[in-house]
2 protein chains.
Amino acid sequence: MVKSRSVITPWKVSGDVNYKKLIKEFGTEPITEEIQSNLKKAHPVLRRGLFFSHREFDLWLRDAHAKKKVSIVSGRGPSEKMHIGHLIPFLASKSLQEIYNCNVFIPISEDEKFFVKPSLSLENAKKFAEDNILDILALGFKPGKTFILRDFSNSKIYEWSAKLSKLITYSEAKAVFGLKPENNIGWSFYPAVQAAHILLPQFVEGAHKTLVPVGIDQDPFIRLTRDKASNSALKFIKPAAIHGRFLPGLKGEAKMSSSDSEGTNLIYLSDSPHEVKNKINRYAFSGGKDTLDEHRKHGGNPDIDISFQYLKFFFEESDKKLQKIHDDYKSGTLTTGELKAYTIKKISSFLEKHQKAKQAAKAKAKKFMMD
Amino acid sequence: MVKSRSVITPWKVSGDVNYKKLIKEFGTEPITEEIQSNLKKAHPVLRRGLFFSHREFDLWLRDAHAKKKVSIVSGRGPSEKMHIGHLIPFLASKSLQEIYNCNVFIPISEDEKFFVKPSLSLENAKKFAEDNILDILALGFKPGKTFILRDFSNSKIYEWSAKLSKLITYSEAKAVFGLKPENNIGWSFYPAVQAAHILLPQFVEGAHKTLVPVGIDQDPFIRLTRDKASNSALKFIKPAAIHGRFLPGLKGEAKMSSSDSEGTNLIYLSDSPHEVKNKINRYAFSGGKDTLDEHRKHGGNPDIDISFQYLKFFFEESDKKLQKIHDDYKSGTLTTGELKAYTIKKISSFLEKHQKAKQAAKAKAKKFMMD
């Protein structure tokens, strides 16, 4: 893996990421073992530590265990077809919805991507929104407890955003988000829309504790919104957040991202078994040794092996099986070829089911929409 | 009348106003006699020259006479109860609707006033909107050809504004509107909403010539929107505009305005006959002489007499009668007391009818709304 200077803003993630340093920089809290003990039955993204940092997740859990109303917000800026890295917050949300039976709100920010990407037309942003919504619903969120809001079709979001916008000066937005004078005025307004998304459950159902699973790069939005939540114009309470690590790209890049336009660093949710096989075999960074002999003798390193990371955080449900793969790979019993073959099988099987569920979601999407 | 430095921005009008200089400053065209000849049957605000400047009104008239689709946009930022000065663009719009049988679009910018006025709550902005809509409908706009859009309840306005916002950089909005870093980000977004309002008929019905009757202080919005209208993301045509003089305040201030918080410079649409009588008698600036003897001898000056101005632009339909009042006042036959008494009678009669029509509008307001 190539080391490079780490750059984390809501619009750009690059270089290698030191997560401990990020907790200090962003002023968040590490997810402790005590918190982690609540997540033993959760999806691997939660129970195997992909989420490493939080704000008041302990208070959200306390309210959830006390049977007080809690909710989750997990949004998506639709500028492209989705890859597996995009699923992280939704897998966490869906898992917590199952455990705590809470409402999940899913704001789709067609506007954000339209404002930020010069070449993206509004019409295409909306097409990606429609496609992405089906990918999200394919995960199996509960009907009647899951609410999708699209910024370009909900009739209340502008009013809620306007309410927030009056509490945020341009100076403040500029300082937090690095706005430039040559950016368009939609972009300068967007922090208010994002804040309205984070507070969406409280706009709809009154003050209660909300949890936002996000990449750590989105924390400036969370921090700004927490500052505004209790303003007398709103009377809400501060939303909690959990911050995910980035899912590494196939070649070991810090974040799986479509800014690699050739698609050699990511796995799309629409990839065929053939594409998965090709990508993992050709590109997935290996923690194995250079020759089979050396590997058998010295073993591989699962902690830097991309196939193993994908199994760990996504595709291997069984803790026992994962442990065995880890140990066998480390000892050299399991080869890179065998590990890749197993990973290909698991990913393909996941994607096949996902793609069927996505087709089936078309018929029921309408009933999840907040108009 | 006290002379003071003239300040004209979309947010502030003060001092005395030199309209010829404004035409030059804003780069607009004067309304010629040829244009004026089309307005002989129009409401006094149009036929007696309250509108003094335009952009492409001649082209709008050409299309109207050629029976091509034309429309009108006339908006209102509801931050208070309305006074007679607020009616000017609506009286012009209604009159042109009658003559040319065209659609009128009325955007209600609850958001603008909320962003700009620190003490105005969103809830109160919405209450003023509801009240102001009834005042506007009381003028008798045609059902089925008149469409009212509220920024906080229409489900398309945010999308249309977003589309415009991508074409406007913060620098540009700052230069045109004098935005300051300490202004809120709703305010910095608002130029896009205003542009969407001006283009509303074209968003709804495709490219055609629209006319916007506005105070000259609103021309920066018109100019910016004309610049953007033909952008390839929109493919609209440049909207036309006519620019009104400000209705002077009772004491002869350049603009009737509620920033005089004691209400001694304006006549509210809700004023009772008693209030009208009291205000005109006590405050209306007189062009008459100091004593009755002097007045009888030298005559008064109708051109600076506020009562006469109100009769001229609003309340005296008959050109013949107006001419007689003008001549009699100038010669000294008509005294200030008599002129005021007649003005009081005309205003009270207008307001009495208006207030009844406003009550009646409650039942039919819903069918004018664009949702």
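The structure displayed is predicted, hence computed values, not measured ones. Worth knowing before you read on, the calculation uses all heavy atoms, side chains too, and leaves out hydrogens, waters and symmetry mates. Convention: sequence-line order gives letters A, B, ...; per-chain numbering from 1.
- Atom-to-atom distance recorded for B:Ser165:OG and A:Phe114:CZ is 6.5 Å, nearest 0.5 angstrom.
- The neighbour count for B:Lys180 NZ, taken as heavy atoms of other residues, nucleotides or ligands under 6.0 Å away, does not exceed 12.
- In terms of heavy atoms, A:Ala162 sits closest to B:Phe152 at CB-CE2, 3.5 Å.
- Of the possible donor and acceptor atoms, one in the side chain of A:Ser171 sits under 3.5 Å from a partner among the backbone N and O of B:Pro181.
- Across all their heavy atoms, A:Ser155 and B:Ser153 have their closest contact at CB-O, 4.0 Å.
- Contacts of A:Ser188 with chain B are made by both backbone and side-chain atoms, with heavy-atom separations under 4.5 Å.
- For B:Asp151, the parts lying under 4.5 angstrom from a heavy atom of chain A are both the backbone and the side chain.
- Here CG of B:Asn184 is found 10.5 Å from CD of A:Glu172. Values are rounded to the nearest 0.5 Å.
- Proximity to chain A (any heavy atom under 4.5 Å) is shown, for B:Glu110, by neither the backbone nor the side chain.
- Interface summary for chain A: among B:Glu123, B:Lys163, B:Lys156, the most heavy-atom pairs under 4.5 angstrom belong to B:Lys163.
- Judged by distance alone, the side chain of B:Lys166 and the main-chain N or O of A:Ser121 form no donor-acceptor pair under 3.5 Å.
- Counted within 6.0 Å of NZ on B:Lys235, heavy atoms from surrounding residues, nucleotides or ligands total 12 or fewer; the atom is thus considered open.
- Interface remark: of the candidates A:Val193, A:Ile185, A:Thr169, A:Ile185 forms the most heavy-atom pairs closer than 4.5 Å to chain B.
- Classification of the B:Phe189-A:Phe189 ring pair by plane angle, with boundaries at 30° and 60°, yields parallel.
- Interface residue B:Lys126: only side-chain heavy atoms are found under 4.5 Å from chain A.
- At a 4.5 Å heavy-atom cutoff, the contact between B:Ile168 and chain A is made by backbone and side-chain atoms alike.
- With a threshold of 4.5 angstrom between heavy atoms, B:Asn183 approaches chain A through N, CA, C or O but not through any side-chain atom.
- With a 6.0 Å radius and a threshold of 12 heavy atoms from other residues, nucleotides or ligands, B:Lys145 has its NZ atom above the threshold.
- Within the 4.5 angstrom heavy-atom criterion, no atom of A:Lys174 approaches chain B.
- Residue contact with chain A, scored on non-hydrogen atoms closer than 4.5 Å, is absent for B:Ala233.
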